[in-house]
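First up is the structure itself, then whatever we jot down about it.
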Amino acid sequence: MIWISSAIILVVSMDPPPPRPMQPSPTPTPTQPPLPSPPPTQPPLPSPPPPRPTPPPLPSPPHPPPLPSPPHPSPRPALVDSFNEYDKSNETNLTLETPYVGMMFDSIEAAEKFYVEYGRQQGFWTRIRSSYKTKWRSDEITGRLFVCAREGKHVRRSPTKNEDVLINEVENSTKKQRRDTSTAKSGCQASMRINFDKHSLKWKVTCFNDDHNHKIVSPKKRMLMRSNKEMPKAVKDLTEAFHREHLTVGKLPAIFGGTHSCFDSRDCYNHLRNVRHRDLDIGDAQSVFSYFKKQQAANPLFYYAIQCDENGRLVNFFWVDARSRMAYRYFGDVVAFDTTYRTNKYNMPFAPFTGVNHHSQSIQFGCALLQDETEKTFVWLFETWLEAMGGRPPISIITDQDLAMKGAIAKVFPNSRHRLCLWHIKKKFVEKLSHLYYKQSKFKKEMKKCIKYTYSVEEFEEQWENLVIKYQLQDNEWLQQLYEIRASWVPVYNRTTFFAGMNTTGRSEGMNSFFDGFVTSTTNLREFVVKYEQALKKIMEKEAHEDFVSEHKNRFVPSDQFLLIHAAKVYTRNIFKKFKDEWVHVNLLKVRDVGDDSFIVESKVNDHFQQFVVKLNLQTCMGTCGCKYFEFAGLICRHIMKVLFKSDVDMIPEHFILARWRKEANKFRVIDSGEILTECDNEHGGALRFNHACQELTKLASIAAPSKEAYIILMEGAKELSKKVHDTLKLSSATSLGDSTAVPNEPQVNYSSPLSQLMLLDPNISQTKGRKKDAKGKEDVESSGRLKSGVEVNLGKRKRKCHSCNKVVRHDSRNCPLNQRKRQNSQIGKVLDDDEDEQQELSEDIEISEDEEP
């Protein structure tokens with residue numbers, strides 16, 4: 001009795017809760033002062049004397065009253081104080097007591113953690129119901145109410161549709177069905193309210209209710225509660241890495257324990273969503289701008305340009321990395337340009353500049369996202385791209401048949417050979433001449449022969465005129481317009497210009513298909529730019545693999561075919577395959593010498609003979625062929641091979657081997673391996689060394705910048721290095737000085753431009769070209785909203801007989817209106833017979849209330 005009264009006096013002095021029946025606490029023993037007797041952990045010895053001479057009799061463990069008054073606070077506040085430093089690593093060793101009115105917390109965060117952990121242990125999850133403020137602390141929270149997450153009741157939204165609308169919805173089978181959802185709210189009253197105590201400057205529990213009206217979650221299922229959902233930092237980093245490498249993020253929970261892990265696949269996707277929102281806090285366009293500045297700081301040769309309107313809203317932007325700029329110096333003679341790809345959030349046309357490397361692979365020379373496809377926009381893009389590439393235009397460029405693009409190319413690249421995509425031209429034959437140009441038609445075979453297998457302008461024009469007369473197409477306006485621009489798409493007019501063997505923009509469109517594996521229709525601008533960089537890395541990996549195979553693996557070549565042996569030594573693997581494809585036809589050709597370094601080579605193609613005149617000087621091996629294959633594709637043709645083979649020439653003449661097809665064509669790849677560029681003495685050697693030095697010195701500067709001591713060492717070393725470089729340049733030859741003049745041609749970056757101080761706004765949704773969806777009626781538009789092509793429209797006009805209504809119409813028995821009317825009547829009758837609950841379920845939309853758990 002004495003102990004209880006003293007305890008009461010102690011509690012009153014500390015202002016805890018009113019007296020109530022004491023509950024056994026698991027921690028009173030550690031709070032007792034040391035006794036002269038043995039520790040309580042040792043069992044009492046009845047027969048032997050105690051180890052110390054004068055110990056008082058030990059009380060039995062379940063009777064604490066004989067103990068002296070504890071000098072420390074009561075056990076309840078001790079538990080709360082320990083939770084203020086609560087660590088989830090000790091979660092299994094700490095058992096929390098039930099909260100009570102008067103319980104104190106050092107901070108509002110400690111109270112929230114305590115109640116969340118208490119609910120986790122008891123089998124329910126919590127949320128914040130409301131927060132309170134008072135006049136004397138108007139700017140700060142003075143109270144907060146924590147409730148069970150199942151508090152409150154879900155309120156259905158009142159129906160707004162009548163019976164007629166309901167029937168129309170049932171008839172419309174294409175309408176999207178409403179999602180069936182559920183709610184966890186059950187009107188639970190369990191809660192804990194805390195208020196700020198201005199006397200003790202702590203947070204006190206003023207109201208607590210632990211009565212739940214629902215079933216508590218069992219221990220085996222508590223990992224599914226929201227309060228138990230937690231993703232460790234390692235899992236978050238791995239989730240982002242999986243997403244960057246385009247791996248399946250949903251497989252991560254299985255790696256970390258499956259159903260026993262504290263997160264699931266939905267948590268992984270939610271984390272990626274939060275990362276995207278975090279990156280876009282400053283806006284999508286501004287985030288892209290910041291990313292570009294960061295990339296340029298890491299590598300000064302990274303180039304970008306942004307165009308915005310008078311309101312600061314982003315309109316167009318272009319970017320190209322340093323490696324693509326270096327690749328253009330070696331493989332920029334031919335470029336394919338296309339703007340048909342629109343897979344991004346703003347529907348902006350993606351405009352990549354695509355080239356061909358020494359493995360006949362597609363590579364990138366930069367790209368842009370545009371707001372529209374007007375001539376003004378294309379002029380800005382081409383001028384910006386030309387500036388990024390050092391002012392050197394391509395020899396040839398291939399695009400689709402776009403008038404705005406054609407006009408811009410004529411202004412910016414007046415000396416480049418512009419050619420239209422042959423595939424897009426031939427595709428329109430099916431739409432415009434569907435009655436003649438169809439599968440296995442005679443007209444199609446003759447037209448293909450006229451376009452593809454004519455090797456002189458006179459021959460093509462003669463065959464074209466014969467076809468027009470034969471099939472009575474003199475009045476076809478589209479065919480006449482196509483003939484007027486024949487020089488821009490017919491192969492015979494472009495055989496004398498180097499196109500790397502390309503007749504179409506298939507490479508550019510192939511890159512669009514390649515990017516489909518990285519982006520979707522909801523990809524924002526910043527994510528698109530990052531995904532583009534990842535796609536470039538994949539392209540570089542493929543190129544590195546082909547470099548390894550070409551340099552370290554030999555091709556099987558017969559020992560008596562010397563030209564083929566020489567080709568295997570100098571060409572890359574893929575180019576050697578193309579050379580071999582020409583070589584296999586050599587034995588099928590016949591050649592005769594007509595004098596004056598001229599030879600006539602005969603071949604049989606499609607049951608008719610062809611003759612080609614080869615002019616070749618056997619002393620210098622300089623010459624040409626009438627097929628113009630070398631001028632067009634950069635490889636000697638089978639006809640010249642036949643003449644060389646007959647003349648016992650064992651090696652391919654050097655002037656017939658283009659440097660862009662050799663194994664060592666991409667000298668710039670050593671930049672990626674970190675080697676020193678000492679063997680690059682060609683015209684681009686200075687630019688390569690400049691790029692390599694910028695990368696290495698930028699890496700060193702980024703390492704030394706965080707440390708003051710390292711920065712001082714770097715700057716002192718830079719002064720000494722600068723002195724040595726200037727002394728070396730004074731003694732260098734004129735050739736070395738000539739190489740160094742290539743550096744100023746690189747575009748310089750002006751960091752103080754007004755654009756760097758501008759806050760960019762997100763772009764508008766891009767307006768696409770073409771006829772609007774409702775321009776010519778709904779018959780030309782599919783249910784998905786896609787415009788039908790001319791072929792689909794023509795095919796759709798073909799009439800056939802329906803077996804249901806026995807009429808020659810455009811439908812069959814499956815979609816006959818007669819059958820549809822029967823089905824609609826049956827569906828309407830079924831709906832009218834349904835009970836009122838089913839009708840309400842169809843007409844109401846289930847919605848999660850605003851005070852649902854976060």
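Along the sequence shown, the residues carry numbers beginning at 1. On a predicted model such as this, the values are computed, not experimentally measured, just so you know.
- Exactly one residue among Trp385, Phe331, Trp319 makes a ring-ring contact (aromatic ring centres under 6.0 Å, His included) with Phe353. That residue is Trp385.
- Counting heavy atoms from C-beta on, the side chains of Phe302 and Arg325 never come closer than 4.5 Å.
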| field | side chain to side chain contact (heavy atoms under 4.5 Å, CB included) evaluation trace for Asp400 with Asp338 | value | CA-CA 7 Å; Asp400 57 2; Asp338 178 73; 4.2 Å; yes
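- For the pair Asn311 (side chain) and Arg313 (backbone), a donor-acceptor distance under 3.5 Å is absent.
- Relative to the six-membered ring of Tyr629, Arg495 misses at least one condition, a distance below 6.0 Å or an angle of at most 45° to the axis.
- Nearest approach of Ala408 to Phe378, heavy atoms of both residues: CB-CB, 3.5 Å.
- Contact check on Glu375 versus Lys406 returns no salt bridge, with no Lys/Arg side-chain nitrogen under 4.0 Å from an Asp/Glu carboxylate oxygen.
- A salt bridge does not link Lys294 to Glu533: none of the charged nitrogens lies less than 4.0 Å from a carboxylate oxygen.
- Put simply, the side chain of Arg662 does not reach to within 4.5 Å of the side chain of Tyr571, judged on heavy atoms.
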| request: Take Cys621 and His655 through the side chain to side chain contact (heavy atoms under 4.5 Å, CB included) test and state the conclusion after the steps. | output: CA-CA 9 Å; Cys621 291; His655 59 272; 4.1 Å; yes
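- Looking at heavy atoms from C-beta onward, Asn503 lies out of side-chain contact with Phe499 at the 4.5 angstrom threshold.
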| task | List the steps and the verdict of side chain to side chain contact (heavy atoms under 4.5 Å, CB included) for Glu543 and His358. | result | CA-CA 9 Å; Glu543 181 177 334; His358 57 307; 3.8 Å; yes
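- A donor-acceptor pair shorter than 3.5 Å cannot be found between the side chains of Thr523 and Lys531.
- A 4.5 Å side-chain heavy-atom check between Asn316 and Leu381 finds every atom pair outside the cut-off.
- Pairing each heavy atom of Ser324 with each of Gly366, the nearest pair is CB-N, 4.5 Å.
- A donor-acceptor contact under 3.5 angstrom links the side chains of Glu387 and Tyr303, judged on distance only.
- Looking only at distances, no side-chain donor or acceptor of Trp661 sits under 3.5 Å from a matching main-chain atom of His359.
- Within the 4.5 Å cutoff, no side-chain heavy atoms of Tyr330 are placed close to those of Asn357.
- Pro763 and Leu314 make their closest contact through CB-O, 3.3 Å (heavy atoms, listed as atom of the first residue, atom of the second, distance).
- Closest non-hydrogen pair, Ile485 versus Gln401, comes out as CD1-NE2, 3.5 Å.
- You'll find the side chain of Val412 reaches within 4.5 Å of the side chain of Leu386, heavy atoms only.
- The salt bridge (charged side-chain N to carboxylate O under 4.0 Å, His left out) pairs that include a residue from residues 479-492 are Glu461-Arg486, where partners are two or more places apart or lie in different chains.
- Between Gln296 and Lys293 there is no side-chain heavy-atom pair separated by less than 4.5 Å.
- The main-chain N or O of Phe498 is found under 3.5 Å from a side-chain atom of Ser396 such that the two form a donor-acceptor pair.
- Between Trp464 and Phe460, the ring-plane angle classifies as tilted under the 30° and 60° cut-offs.
- For the atom pair Met405 CE and Phe337 CZ, the distance stands at 5.0 Å (nearest 0.5 Å).
- Pro349 and Arg342 get closest at one heavy-atom pair: CG-NH1, 3.1 Å.
- Using modelled atom types, one finds no donor on one side chain facing an acceptor on the other under 3.5 Å when comparing Ser488 with His418.
- Below 30°, between 30° and 60°, or above 60°: for Phe365 and Tyr328 the angle between ring planes is above 60°, a perpendicular geometry.
- Between the side chains of Asn494 and Thr497, no donor N or O sits under 3.5 Å from an acceptor N or O.
- Taking the six-membered ring where the residue is Trp, the centroids of Phe528 and Phe350 are separated by under 6.0 Å.
- Annotation: the span from Cys627 atom SG to Tyr453 atom OH amounts to 13.5 Å, rounded to 0.5 Å.
- Of the possible donor and acceptor atoms, none in the side chain of Thr505 sits under 3.5 Å from a partner among the backbone N and O of Thr399.
- Checked against salt bridge (Lys or Arg N to Asp or Glu O under 4.0 Å), Arg507 has no partners two or more places apart in sequence or in another chain.
- We find the OG1-CD distance between Thr354 and Gln361 to be 13.5 Å, quoted to the nearest 0.5 Å.
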| task | Kindly determine whether Thr384 and Phe382 satisfy side chain to side chain contact (heavy atoms under 4.5 Å, CB included), including the steps that lead there. | result | CA-CA 5 Å; Thr384 303; Phe382 294 151; over 6 Å; no
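- Taking all atoms of both residues into account, the shortest heavy-atom contact from Pro352 to Cys367 is CA-CB, 3.8 Å.
- For the atom pair Asn574 CG and Lys578 NZ, the distance stands at 8.0 Å (nearest 0.5 Å).
- Rounding to the nearest 0.5 Å gives a distance of 12.5 Å between NZ of Lys427 and NZ of Lys432.
- The side chain to side chain donor-acceptor pair (under 3.5 Å) search around Glu546 returns Arg573, not counting sequence neighbours.
- In this structure, Tyr304 has its ring center no closer than 6.0 Å to that of Phe317.
- Side-chain atoms of Asp372 and Thr377 form a donor-acceptor pair, as typed in the model, at a separation below 3.5 Å.
- Atom-to-atom distance recorded for Met348:CE and Thr339:OG1 is 12.5 Å, nearest 0.5 angstrom.
- Applying the side chain to side chain contact (heavy atoms under 4.5 Å, CB included) test between Phe630 and each of Ile636, Thr624, Leu635 identifies Ile636 as the sole match.
- Side-chain N or O atoms of Lys663 include one that pairs as donor or acceptor with a backbone N or O of Ser550 at under 3.5 Å.
- In this structure, the side chain of Gln307 does not engage the main chain of Val315 through any donor-acceptor pair within 3.5 Å.
- The pair Arg526-Asp284 does not meet the salt-bridge criterion, since no charged nitrogen lies less than 4.0 angstrom from a carboxylate oxygen.
- Between Thr504 and Ile398, every side-chain heavy-atom pair lies at or beyond the 4.5 Å cut-off.
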